[in-house]
Protein chains: 2
Amino acid sequence: MHISYAQAYDCASAIFWSVTAADERPDLAAMLYPLVRTLIAEEMPVLAEHDVSMWGYSVLVALDETPVRTQSALAEAIGADKSRIIGTLDELQDAGLIERTPDPDDRRVRLLSITAKGRRVRRAVRKGIRVREERLLAKLPAADRQGFLRALRALHRDK
Amino acid sequence: MHISYAQAYDCASAIFWSVTAADERPDLAAMLYPLVRTLIAEEMPVLAEHDVSMWGYSVLVALDETPVRTQSALAEAIGADKSRIIGTLDELQDAGLIERTPDPDDRRVRLLSITAKGRRVRRAVRKGIRVREERLLAKLPAADRQGFLRALRALHRDK
DNA sequence: TATTGTTATACTCTATAACTATA
DNA sequence: TATAGTTATAGAGTATAACAATA
């Protein structure tokens, strides 16, 4: 009897998997990375629908929580480089979603704040994102879901 | 009395934060993305220590679970493009961590499997990663930690 | 003709470093 | 001299498409 390499490999696959799957868990990053990818892919259509980029949205989120005095500070707050958010700020300003006014006390700095329109867009986008997040979280048992969210918030806070 | 814009903005910051922080949670991606970044940054030194790239490590992980018959299948399994992993496979093969032999039944395909040395490297890297993951997970209350890991595995499985 | 592995090309992101204007 | 914002440049990472060998 002759079995091809193809069959042998398929067979080995099944055996190896059944042995290792039960006791061990994948690395955290190996689980989290694809999850983030999926989430971002889900968010894209929502963002496109409201004509904001991902960086644009995170700027709106940051400014909705609090106005910021300098662009550098804003960049650092959202984990970006100061040179990287300039295009984003231009777009947001042109769309009337943020205000960027020179500080009379120090004409080098730009005072940044969200507009009423920007706030509306931010809320609408978040609503769309929440709907899609729900579809994902619905896969979890209620108990784990709570632990998952609490853990995530904890890790997010003191990072 | 005159207060500068700087002072006013700092003040506004404190007020806005205290109002919004309690009731709302950030978007999932907004919490997960920085977390993944941190995890990857922590893993880098471990990988460097054992002379494997991140893609190289995930190839070793995939092949340690099961040998794979074609490079395309392997690429898809780890979420990469078939053209992207070629350099990685070359490196792993040169280092003696994987074997890549032509299938006699179909000379187009390369049969892929991990070597004993590759398995040792994979185990060593994972050990280093686990140590650093522990430092992160230690921040969580035991209950949330369990829920977090269970939820993560569930989302990872049926994604 | 279709498929596997490979190479080449173009495109997006990101990081770094100059440059200006103010202080 | 140092800092905020801006622009320009180079590098890494990724995706796409073309190519040779085999089926």
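All values below were derived from every heavy atom in this structure, side-chain atoms included, with hydrogens, water molecules and symmetry-related copies excluded. Chain identifiers are assigned alphabetically (A, B, ...) following the order of the sequence lines, protein sequences preceding nucleic acid strands; residue numbering begins at 1 within each chain.
A donor-acceptor pair under 3.5 Å links the side-chain atoms of R132(A) to the main chain of E42(A), judged by distance alone. At least one donor-acceptor pair closer than 3.5 Å links the side chain of K117(B) to the backbone N or O of A95(B). Side-chain atoms of E43(A) do not come within 3.5 Å of backbone N or O of I129(A) as any donor-acceptor pair. Side chain of S113(A) to main chain of P67(A): no donor-acceptor pair is present (N/O by atom type, distance under 3.5 Å, no hydrogens or angles). Although no hydrogens or angles enter the test, the distance criterion places no donor-acceptor pair under 3.5 Å between the side chain of D27(A) and the main chain of A29(A).
The separation between M54(A) atom CE and dT12(C) atom P is 15 Å, rounded to whole Å. Per the geometry, CG belonging to D105(A) stands 14 Å off C1' belonging to dT22(C), to the nearest Å. Straight-line distance from the CD atom of E76(B) to the P atom of dT4(C): 11 Å, rounded to whole Å.
Salt bridge absent: R110(B) and D103(B) never bring a charged side-chain N and a carboxylate O closer than 4.0 Å. With respect to E76(B) and K82(B), no salt bridge is recorded, no charged nitrogen being found less than 4.0 Å from a carboxylate O. We find that E134(B) and R145(B) are joined by a salt bridge, their nearest charged nitrogen and carboxylate oxygen being less than 4.0 Å apart.
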Inset, instruction - Starting at the 5' end of nucleotides 1-14 of chain D, put B wherever the base has a protein heavy atom under 4.0 Å, S where only the sugar-phosphate does, and a dash everywhere else. - result: -BBSBBB------S
Protein-nucleotides 9-11 of chain C N/O pairs closer than 3.5 Å?
none

